[in-house]
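All chains are named by letter (A, B, ...) in the order of the sequence lines, taking the proteins before the strands, and each is independently numbered beginning at 1. Owing to the predicted nature of the structure, the values given are computational and were not obtained by experimental measurement.
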Amino acid sequence: MNADNNTPVNFIENIIEEDIQTGRYGGSVNTRFPPEPNGYLHIGHAKSICLNFGLANKYKGLCNLRFDDTNPIKEEEEYIESIKEDVRWLGFDWGDRMYYASDYFEKLHEFAVKLIREGKAYVDDLTADEIRGHRGTLTEPGRESPYRNRSVEENLELFERMTRGEFRDGERVLRAKIDMSSPNLNMRDPVMYRILHASHHRTGDKWCIYPMYDFTHGQSDSIEGITHSICTLEFEDHRPLYDWFIKALGIYHPRQIEFARLNLTHTVMSKRRLLQLVERGYVNGWDDPRMPTISGLRRRGYTPESIRTFCERIGVAKRDSMVDSAFLEHCLREDLNKRAPRMMAVLKPLKVIIDNYPDELTEELEAVNNPEDPSMGTRKVPFSKFIYIEKEDFLEDPPKKFYRLAPGREVRLRYAYFIKCTDVVKDKVTGEIIEIHCTYDPSTRGGDAPDGRKVKATLHWVSARHAFNAEVRLYDHLFLMDNPMDDRDGLDFLEKVNPGSVEKLISCMLEPALKEVEPGYRCQFERLGYFCADIVDSSENNPVFNRIVPLKDTWAKVQKSQGQ
RNA sequence: UGGGGCGUCGUCAAGCGGUAAGACACGGGUUUUUGGAGCCCGCAAUCGGAGGUUCGAAUCCUCCCGCCCCAGCCA
């Protein structure tokens, strides 16, 4: 939380400030966010995006958006648009600096030729299996390929023929000549180029050989003048290789720094598992409101501000960690509490008849739009003889500590009147409560009793004649347990998807002010939580609201502790 | 039994030789026309363990223990 002074807040900023002190990069700080366009961004990426753009911003540098598109088989145009949209939505701007690793294919090829010329790279005819066999193991050194010592001329010619497409996929590769006995497997003559007769989303069929990540990333950083190349922990082992290529090429040398990726409780974060959830129909697409994807969070109703705050506050370090999703929710509520207008909606309606209220009368009662922010003003809410309250706000036989409505008990209707329950009408057959009768005290209009008497509860409500029907979808965690990947229960994570992670309610009654809101509109339904008009399914004829997050619920806690 | 990392409250996380920040969660109180929000208070005699150096160590050294990553022509 030192955003406005210059104190470093994490180890990366420490490193950067040290580099600024020593003038290592002439005092400049340039970063990049380098997604591979093979899937949708999730909140783990948001951490990286906030970090990279945040650093550039803090140190007056630039952050590029760069698509790491070196594998035409896995990458698709579709993902590029979604990634751009997500980064923009999060609130970041790459200006005119949107790049593709494929922009550098020509240059990378020249680099490769240069290494061949210097005897630092060679064409290997071994098959993939043979290469694996020669690589050795974690504890045993690898063996050199019989093709390792070809002449520069032969290598040059072979590489040229690879480039021209004279060989089939997998027939040959270009390898760096480093050290087959290195304890770091990445240094055992890593593959630089492989043959892939596949057309690339940007370069089409121009190439049939494609560079590997290790031979691409550092050089791309170098070309773009990146100073600090920030990536996740699993690339720590690749840093020696990153440095080796740059040094061998004699080009500008950025610095790679690794940090721990984000893990969140109650969800999964890898692209592969997210893909499984989508493909096997556990969720309805990448933007399902239960998904931790940026598009899912957006559709759920999360604000970009809350996600940014979250990413700042969780910090950046190198130890593996699992952040409590309650913390994300806290950041969300904190943001929404200040900005979201309050509205009234009854999700599971129970009809209330106010016997002593005039049959035809409608009163317009004044309600505050946001108690946290008077500048948001007030609105009128219609009140009449027939209203709906929440089913769970009435109990015929209330337990201890239940403050809400019960026979003979008086409560306040928010911004309206005190009402007292006088009768309960039940279905003769099922015994189910159909409606209740109350009387109101006209002197309590607005919610205060002139005689100073108090009530223990305030209920939200909606006038039956004025409310409109809408669908409301209640979302909960995709997984009930903290870490669905913990397999000590012998279960696959897919078997653990929370069957109650979505509950669709179709008989909800909403106050009229909600009638014309746009998709994406967020507000608080008083006493229930924050809700958002669904950006995909909601329309004027078919309003659909998603619960973004419930309000904290002390009563639920009490019930739980009472062993309910 | 190779290499690279990491171990500070339930969860994140500051701390960089001078005597353990903060946040979330949790518990209690206060206030309240949302059992919401706010406010207050509590919550690590100790930093994975054991030795050592030092007037002084979470911070330096040694050994040990635990966890994560690496044997794709993925990124």
Side-chain angles (χ1 to χ4, degrees), chain A residues 1 9-10 14 34-36 38 68-71 73-75 124 126-129 131-133 135-142 169-175 182-188 190-196 209-210 212-214 216-217 231-240 258 260 262 265 271 313-331 333-334 337-338 342 344 367-368 371-372 401-404 412-416 418 444 446-448 454-460 482 524-529 550-558:
Chain A
M1 288 286 82
V9 297
N10 59 52
N14 274 319
E36 181 188 11
N38 72 339
D68 223 330
D69 57 350
T70 57
N71 188 345
I73 293 169
K74 293 168 66 177
E75 293 145 10
D124 196 350
L126 256 28
T127 65
D129 278 347
I131 287 180
R132 190 176 313 120
R135 189 154 23 231
T137 68
L138 294 180
T139 50
E140 301 155 33
D169 287 6
E171 212 172 318
R172 271 169 242 257
V173 292
L174 182 71
R175 291 229 257 170
S182 170
N184 181 344
L185 307 215
N186 294 123
M187 301 299 274
R188 321 242 261 227
V191 171
M192 294 163 60
Y193 269 94
R194 74 291 216 184
I195 298 170
L196 250 26
I209 59 168
Y210 292 92
M212 300 286 291
Y213 166 86
D214 285 308
T216 305
H217 204 91
C231 60
T232 43
L233 251 27
E234 66 271 27
F235 291 103
E236 207 146 19
D237 284 342
H238 294 246
R239 184 162 16 110
E258 311 83 14
L262 170 67
T265 61
K271 278 185 194 171
R313 303 221 271 230
I314 53 175
V316 179
K318 295 192 72 160
R319 66 184 88 109
D320 294 316
S321 61
M322 171 86 71
V323 177
D324 192 335
S325 57
F327 189 55
L328 210 209
E329 291 173 354
H330 165 81
C331 294
R333 289 194 188 98
E334 181 183 65
N337 177 47
K338 284 180 294 198
R342 271 57 171 176
M344 289 199 284
V368 174
E372 306 291 319
K401 292 199 179 166
F402 181 86
Y403 303 150
R404 282 107 99 145
R412 170 170 39 233
L413 293 177
R414 177 141 240 225
Y415 300 124
F418 283 12
T444 57
D448 282 307
K454 301 288 181 194
V455 287
K456 295 206 79 170
T458 300
L459 309 187
H460 61 278
D482 281 1
Q524 183 193 100
F525 288 173
E526 294 224 28
R527 302 209 304 135
L528 297 172
L551 253 25
K552 286 211 243 169
D553 189 347
T554 311
W555 168 238
K557 231 179 239 180
V558 171

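- Counting any heavy atom pair closer than 4.0 Å across all strands shown, A/Asp448 reaches a base atom.
- Comparing A/His330 and A/Glu526 by the nucleotide of RNA chain B whose heavy atom lies nearest to each, the residue mapping closer to the 5' end is A/His330.
- Summarising the base pairing, B/C55 is matched to B/G18 through a Watson-Crick or G-U wobble pair whose two defining distances lie under 3.5 Å.
- With distances taken from any side-chain atom of A/Lys318 to the nucleotides B/A14, B/G35, B/G5, the minimum falls on B/G5.
- Under 3.5 Å, the side chain of A/Glu258 and the base of B/G4 form no donor-acceptor pair of N or O atoms.
- Here B/G2 is the nucleotide among B/G2, B/U34, B/C12 with the atom lying nearest to any side-chain atom of A/Thr139.
- Not counting sequence neighbours, the partners of A/Asp68 by the side-chain hydrogen bond (donor to acceptor under 3.5 Å, both in side chains) test are A/His217.
- When the P atom is compared between B/U1 and B/C67, the two are found 11 Å apart, to the nearest whole Å.
- Syn is the conformation of B/G72, whose glycosidic angle sits no further than 90° from 0.
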Next item on the list: For each nucleotide in nucleotides 68-75 of chain B, reading 5' to 3', give B when a protein heavy atom comes within less than 4.0 Å of its base, S when such contact involves only the sugar-phosphate, and - otherwise.
Entry: SBBBSBBB
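- With centroids closer than 5.5 Å and planes inclined by less than 30 degrees as the test, A/Phe327 and the base of B/A25 fail to qualify as a stacked pair.
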Restricting both atoms to N or O, compile the protein contacts to nucleotides 26-32 of chain B shorter than 3.5 Å, with distance only.
| from | atom 1 | to | atom 2 | distance (Å) |
| --- | --- | --- | --- | --- |
| B/C26 | OP1 | A/Lys557 | NZ | 3.2 |

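- Contact of A/Arg319 with B/U8 (side chain to base): a donor-acceptor pair of N or O atoms is detected under 3.5 Å.
- Residue-to-nucleotide contacts include a donor-acceptor pair under 3.5 Å from the side chain of A/Arg404 to the base of B/G35.
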